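If you read the sequence from its start, that first residue is 1, and numbering goes on from there. Please read all numbers here as calculations on a predicted model, not as lab measurements.
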Amino acid sequence: MTGKEIEKKEKVYEEDVFLETKEDRRLLPNVPDDTQKRSNIDRRGKGRLDDSTNVNDFIKASESGIRYKVNYKVKVIFENNGVKGSFYCKGIDISMTGILLEIYNEEDREKIETADSIKLNFEIIPGTMPEGMEMTVKTEAKIARSKVVDRGKALYGLQFKEELSIYSRRKKDGYILTISGILLFFITAFIVLMRAESVIYFRFNKWLYLYSIIAAFFLLSRYLFAVFYKSIPIDTKFTPGVTIIIPCFNEEKWIQKTILSCINQDYPIEKLEVIVVDDCSTDKSAEKIKEIVHKLYEENDFKVKDRLKYILMKENGGKREALSKGVLEAKHDLIVFVDSDSFLNPFAIRNLVQPFKDSKIGGVAGRTDVANTYTNNLTKIQSVRYYIAFRIMKAAESIFDTVTCLSGPLSCYRKEIILENMDSWLNQQFFGQKATFGDDRAMTNFVLRKYRTSYQDSAICYTIVPNDHKVFLKQQMRWKRSWLRESLIASKFMWKKEPLGSLTFYIGVMVPVFAPIVVIYNLLYVPIVHRIFPTTFLVGLLLMAMLMSTVQLLLRKSTTWVFGILFCIYYEAVLLWQMPIAWFTFWKSTWGTRMTPSDVDAQLKKDKKRLRKARNV
């Protein structure tokens, strides 16, 4: 059976749900236009981002102009000469500044056109606007434009009196801050009190209570340190040369969108290039790459031909080989790695490079949000996990400039560091087995040996997460194997870093490694042997889960916050038990989520084994 035949056997999974943005008539709307033919915000935008521009206002204006396709039931409340009335119509697209209504009834059209005042009442459904914007809206508006379409249908563009981002903060911030603040206080207090109990009973079981105290200290310290984290603000004068490298293997569905997001950056065009490396894909990825690249070459005003190219590898060499091929072709001093199913925010690169003003910084991780959050419960769980993993865990590590994983979806390195360690990276072995995944953690370790690593929360990308439990579990197993391998390697030199940063690193390695043993002891040994129900242990787990969810509610104001509790339950019931398996299978080189050569070989071996058994029967 060939690799292609194996891929055809793969299950067709649930269709993902994404934010639907209204397509811009321009292919590269965010790229600075040196010809001055247009602005680089939108058709209603002003100017360009330069030394005299207020950066925050510019980015806010750009984001406010993004229009999302929707299908809302909108109640229009109008008043005309003191007479009030209302009718319902459909909202078909929305932005932070206004909404487009579709009205068929001629009588309703006359009412809205002659109204002295207009109020709108509608619900922002989760998944139709950026996460955290879901709410019921009651706001004043005015007609900005109108157009009569065929069959009597008319479109009315209404401008909100108050931008939705401001409306959301005014409406939601007060009670969310109060509720989450109270919850955080009591949750933290209970956790501290429970650990105080551990000190009291320490003499009865030293190792168990010592673990409980250390684990609580570690988790609470992550949230505490994250409070003091701040992204480095944009300095418009600091725009070092950047080469984005996109390694691709069997990503025909998303590769074009990834390439567009990387080239469509608000960054000086002479200082940004993009290199796509196809690692001998067995699907139509190469064709899709050629198609979008040649289409972009037609954008003559942005020097695309000089700064976008693709490489088609003749044989599959693996992700590291593809990345290194791109590095050797790069002409700039900063190298950005972007996964082929990840999409950059238009200001991601401008934000990502800012920490490199410090010469001691060797690598920077951007923030990765989930693009398909609202597909199902599994993707919602991952959305909360991703946000906490980056905004809390990486932010806490960044306080000490010791971010231990510059994640694959979006990370930036000094080119000289990659070149210096390229041979070791490409030929990395662990217990005699070639390392085929965990490329991001491995490169991060090479950086951390001599340099510092940072996290830039304002540099945002969006990635697609598995929506199927089987695929998700395979991904998590691969990640645990690479985490275990690279954590052991990092343990050899992390003691040289800042004392508190290195201490929390070693604790962070110890806690998940011993977690399965502690859970078995508390949930099985104690109830069976001592006939004691593990109330304290279960309450502790619930409090930690509530802590994650409450922080998600506080920082993101999203309806997904409750899925933080569900993630912790899922972790304890399922994901936790992958760690013991990872201990004894770290040598495996299969990805599990895509048919790499290693996966094809493994599948062929399984098929041969089944065939032999069938013959023997």
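Glu110 CD: 12 or fewer foreign heavy atoms inside a 6.0 Å radius. Surrounding NZ of Lys295 are at most 12 heavy atoms belonging to other residues, nucleotides or ligands under 6.0 Å away. When the shell of 6.0 Å around NZ of Lys73 is examined, it contains 12 or fewer heavy atoms from other residues, nucleotides or ligands.
Note: Ile244 CD1 to Ser261 OG = 7.5 Å, rounded to the nearest 0.5 Å. Taking CZ of Phe186 as the start and OG1 of Thr550 as the end, the distance is 12.5 Å to the nearest 0.5 Å. The CD1 atom of Ile59 sits 8.0 Å away from atom CG of Asn345, with the distance rounded to the nearest 0.5 Å. The CG atom of Leu272 sits 11.0 Å away from the CG atom of Leu334 when rounded to the nearest 0.5 Å. Rounded to the nearest 0.5 Å, atoms CD1 (Ile99) and CD1 (Ile92) are 9.5 Å apart. To the nearest 0.5 angstrom, Asn264 atom CG is 4.5 Å from Asn30 atom CG.
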Exercise for the section: Test Thr404 against Glu397 for side chain to side chain donor-acceptor pair (under 3.5 Å), laying out the working first. Expected result: CA-CA 8 Å; Thr404 54; Glu397 290 180 329; 2.8 Å; yes

Practice task
Mind running salt bridge (charged side-chain N to carboxylate O under 4.0 Å, His left out) on Lys119 and Glu79 for me, showing each step along the way?
Solution key: CA-CA 9 Å; Lys119 291 183 180 179; Glu79 183 174 347; over 6 Å; no

Practice task
Show the numbers, then the answer: is there a side chain to side chain donor-acceptor pair (under 3.5 Å) between Ser146 and Glu113?
Solution key: CA-CA 9 Å; Ser146 62; Glu113 289 174 359; 5.2 Å; no

Exercise for the section: Start with the C-alpha distance between Tyr413 and Phe337, add both sets of side-chain angles, then the distance that settles ring-ring contact (aromatic ring centres under 6.0 Å, His included), and finish with yes or no. Expected result: CA-CA 8 Å; Tyr413 306 86; Phe337 291 160; 5.3 Å; yes

Exercise for the section: Give the C-alpha distance, both sets of side-chain angles, the deciding distance and a yes or no for side-chain contact (heavy atoms from CB on, under 4.5 Å) between Thr97 and Phe160. Expected result: CA-CA 6 Å; Thr97 58; Phe160 302 131; 5.6 Å; no

Exercise for the section: Take Ile263 and Val31 through the test side-chain contact (heavy atoms from CB on, under 4.5 Å) and record every step on the way to the result. Expected result: CA-CA 8 Å; Ile263 198 70; Val31 177; 5.6 Å; no

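Applying the side-chain contact (heavy atoms from CB on, under 4.5 Å) test to Asp358 and every residue at least two apart in sequence or in another chain returns Lys360, Ile361. Evaluation of the side-chain contact (heavy atoms from CB on, under 4.5 Å) rule for Lys60 yields Ser64, Glu163, Ile166 as partners, not counting sequence neighbours. Evaluation of the side-chain contact (heavy atoms from CB on, under 4.5 Å) rule for Phe185 yields no partner, not counting sequence neighbours. Every side-chain contact (heavy atoms from CB on, under 4.5 Å) that Lys257 has, sequence neighbours left out, goes to Phe343.
Listed for the Asn80 side chain is no donor-acceptor partner under 3.5 Å among the backbone atoms of Val83. A donor-acceptor pair under 3.5 Å is formed between the side chain of Asn376 and the backbone N or O of Thr379. At least one donor-acceptor pair closer than 3.5 Å links the side chain of Asp440 to the backbone N or O of Gly408. Formation of a donor-acceptor pair under 3.5 Å by the Ser62 side chain with backbone atoms of Phe58 is not found in this model. Listed for the Glu134 side chain is a donor-acceptor partner under 3.5 Å among the backbone atoms of Gly132. Here the side chain of Ser340 pairs no donor or acceptor atom with the backbone of Ile255 at under 3.5 angstrom. With hydrogens and angles ignored, the 3.5 Å screen pairs a side-chain donor or acceptor of Ser221 with a backbone N or O of Phe218. Using modelled atom types, one side-chain atom of Gln382 and one backbone atom of Pro466 make a donor-acceptor pair closer than 3.5 Å. Within the 3.5 Å criterion, the main-chain N or O of Trp561 finds a donor-acceptor partner in the side chain of Ser549. With hydrogens and angles ignored, the 3.5 Å screen pairs a side-chain donor or acceptor of Ser95 with a backbone N or O of Gly98.
Among all heavy-atom pairs drawn from Thr373 and Ser383, the shortest one is OG1-OG, 3.3 Å. Here the shortest heavy-atom pairing between Ser454 and Leu406 reads O-CD2, 3.9 Å. Nearest heavy atom pair, residue Ile565 against residue Met546, reads CD1-CG, 4.1 Å. Residues Gln256 and Lys288 share a closest heavy-atom pair of NE2-O, 2.9 Å. Summarising the geometry of Asp369 relative to Ile460, their closest heavy-atom pair is OD2-CG2, 3.9 Å, with the distance given to 0.1 Å. What you find for Val17 and Thr375 is that their closest heavy atoms are N-OG1, 2.9 Å.
With Phe390 as the aromatic partner, Lys394 meets the cation-pi criteria of under 6.0 angstrom to the ring centre and within 45 degrees of the ring axis.
Side-chain rings of Phe356 and Phe238 stay apart, their centers remaining 6.0 Å or farther from each other. You'll find the ring centres of Phe225 and Phe400 inside the 6.0 Å limit. Ring centroid separation for the pair Tyr229 and Tyr455 comes in under the 6.0 Å cut-off. Centroid-to-centroid, the aromatic rings of Trp254 and Tyr462 stay 6.0 Å apart or farther.
The closest side-chain donor-acceptor pair between Asn467 and Asp16 falls under 3.5 angstrom. Between the side chains of Thr136 and Glu123, no donor-acceptor pair is found at a separation under 3.5 Å. For the residue pair Thr236 and Arg350, no side-chain donor N or O sits within less than 3.5 Å of a side-chain acceptor on the partner. Between the side chains of Glu131 and Thr560, a donor-acceptor pair is found at a separation under 3.5 Å.
Applying the salt bridge (Lys or Arg N to Asp or Glu O under 4.0 Å) test to every pair with at least one member in residues 376-391, sequence neighbours left out, gives no pairs at all. For residues 66-96, every residue pair satisfying the ring-ring contact (aromatic ring centres under 6.0 Å, His included) rule, not counting sequence neighbours, is listed here: Tyr72-Phe122.
No salt bridge links Lys303 with Glu270; every basic N to acidic carboxylate O contact stays at or beyond 4.0 Å. With salt bridges taken as basic N to acidic carboxylate O contacts below 4.0 Å, one links Asp457 and Arg367. The residues Lys237 and Asp235 are annotated as not salt-bridged, no charged nitrogen and carboxylate oxygen being separated by less than 4.0 angstrom. A salt bridge between Lys90 and Glu102 is present, with a side-chain N of the basic residue lying under 4.0 Å from a carboxylate O of the acidic one. Glu107 and Lys111 are joined by a salt bridge, as a carboxylate oxygen and a charged side-chain nitrogen come within less than 4.0 angstrom of each other. Here Lys161 pairs with Glu140 in a salt bridge; the nearest charged N to carboxylate O distance falls below 4.0 Å.
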